[in-house]
Amino acid sequence: MKIATWNVNSLNVRIGHVLEWLDIANPDILTLQEIKQLDEAFPADAFKELGYHAISSGQKTYNGVAIITKDKPSDIVTDFPDLEDPQRRILTATINNNRIINLYVPNGQTVDSDKYIYKLSWLEALIKFLKQEQAKHKNIIILGDFNIAPEDRDVYDAEKWGEEVLCSPKERAALSDIIDLGFCDVFRQFEQVEKSFSWWDYRAAGFRRNAGVRIDLILASKDLAKNCIGSSIDKEPRTWERPSDHTPVIAEFDI
DNA sequence: ATGGTCGGGGACCGA
């Protein structure tokens, strides 16, 4: 089973890229973030033509998440039970007995902002939700745009970035709390080239200079992670015309 | 500095 995550920064603009990439990469499951469109605008038919089921939790202008999957999704959840939130940032479904949790974690802006406080409370609600999911499901994969760089090696210039948002101790502690529930960042189970990133700033030739960060993650529950046979970042779509600032992250499982 | 959205200019948001 091949599973992937991609923050597309507007599905309206990137639908061509996504269809092209599905054709090339042929994943069984693809989770999307920042689709920035309402459910009524979601192009489910275009995915259906390629043989995929497609579900979305959409929002106008901002946020919005979707799951594209060869096998039928069931038991769909779009909200945390304990967080009243109009922002569409989570989409959970069961696919082939695997619980797929697609996340678009809030950015947080700066560590002294209200958005940062929202990010931390959102992560707290996520952890509560994950505990509930673990009580119900054995095989869980959490993937998406975490907006957290796990370690300094996940940042192009960690010294310059310091403890700013994406790298602040509180965010990283929240990510550690998630991992400690019994998950593995599968990308790090395999040898990777140094300075592997999943996002590059559009500005100042970020991609050309490889001035990026690795914030798009795939976390698998421990038993599942044992069956992970590879994980990679596909930089190719970032080279295409009018790209998203993120590129797909992939994990392959022998299941 | 760049890109998307909404709206019809420029503010907001992203990481």
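Predicted, not measured: the structure shown is a model, and the values here were computed from it. Letters A, B, ... are given to chains in the order of the sequence lines, protein chains preceding strands, and every chain is numbered from 1.
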Carboxylate-amine/guanidinium contact A/Glu194 A/Arg153, below 4.0 Å: no
Note, A/His246 side chain near A/Asp145 side chain (heavy atom, < 4.5 Å): yes
Pair A/Gln33, A/Asn102: side-chain N/O donor-acceptor within cut-off below 3.5 Å: yes
Ring geometry between A/Phe197 and A/Tyr156 (parallel below 30°, tilted from 30 to 60°, perpendicular above 60°): perpendicular
A/Arg242 side-chain N/O to B/dG4 phosphate OP1/OP2 under 4.0 Å: yes
Presence of A/Ser10 side-chain N/O under 4.0 Å of B/dT5 phosphate oxygens OP1/OP2: yes
Side-chain touch A/Ile218/A/Phe183, heavy atoms, less than 4.5 angstrom: no
Distance in angstrom units between A/Arg172 CZ and B/dA15 P, rounded: 17 Å
Interatomic distance at C1', B/dG8 relative to B/dG4, whole Å: 16 Å
Any side-chain heavy-atom pair of A/Phe129 and A/Leu83 under 4.5 Å: no
B/dT5 and B/dA1, which share atom name P, separated by this distance in whole Å: 22 Å
A/Trp200 side chain to A/Asp245 side chain, donor-acceptor N/O pair below 3.5 angstrom: no
Gap in Å between the two P atoms, one belonging to B/dT2 and one to B/dG7, rounded: 25 Å
Interatomic distance, A/Asn12 CG vs B/dG4 P [rounded to whole Å]: 11 Å
Whichever of A/Ile215 and A/Val13 has its nearest DNA chain B nucleotide further upstream toward 5': A/Val13
A/Thr239 side chain reached by A/Phe207 side chain, heavy atoms, under 4.5 Å: yes
Strand contacts (DNA chain B) in residues 149-158 of chain A, 4.0 angstrom heavy-atom criterion: none
Proximal nucleotide (of B/dC6, B/dA15, B/dG4) relative to the A/Leu166 side chain: B/dA15
Touch class at under 4.0 angstrom, heavy-atom based, for A/Val165 against every strand present: nothing
Atom-to-atom span, CD of A/Glu241 to C1' of B/dT2 - whole angstrom: 16 Å
Sugar-phosphate only, base, or nothing, as touched by A/Arg214 at under 4.0 Å among non-hydrogen atoms: nothing
Between B/dC6 (C1') and A/Gln37 (CD): distance, integer Å: 15 Å
Note, A/Ile141 side chain near A/Ser221 side chain (heavy atom, < 4.5 Å): no
N/O contacts under 3.5 Å, protein versus nucleotides 11-14 of chain B?
| unit_1 | atom_1 | unit_2 | atom_2 | d |
| --- | --- | --- | --- | --- |
| B/dC13 | OP2 | A/Lys115 | NZ | 3.4 |

Where DNA chain B forms stems, i.e. three or more consecutive Watson-Crick or G-U pairs with both distances under 3.5 Å: B:3-6 with B:10-13
Side-chain donor/acceptor of A/Tyr52 to backbone N/O of A/Leu30, under 3.5 Å: no
Close side-chain approach of A/Val18 and A/Trp6, heavy atoms under 4.5 Å: yes
Under-4.0 Å salt bridge between A/Asp154 and A/Lys195: no
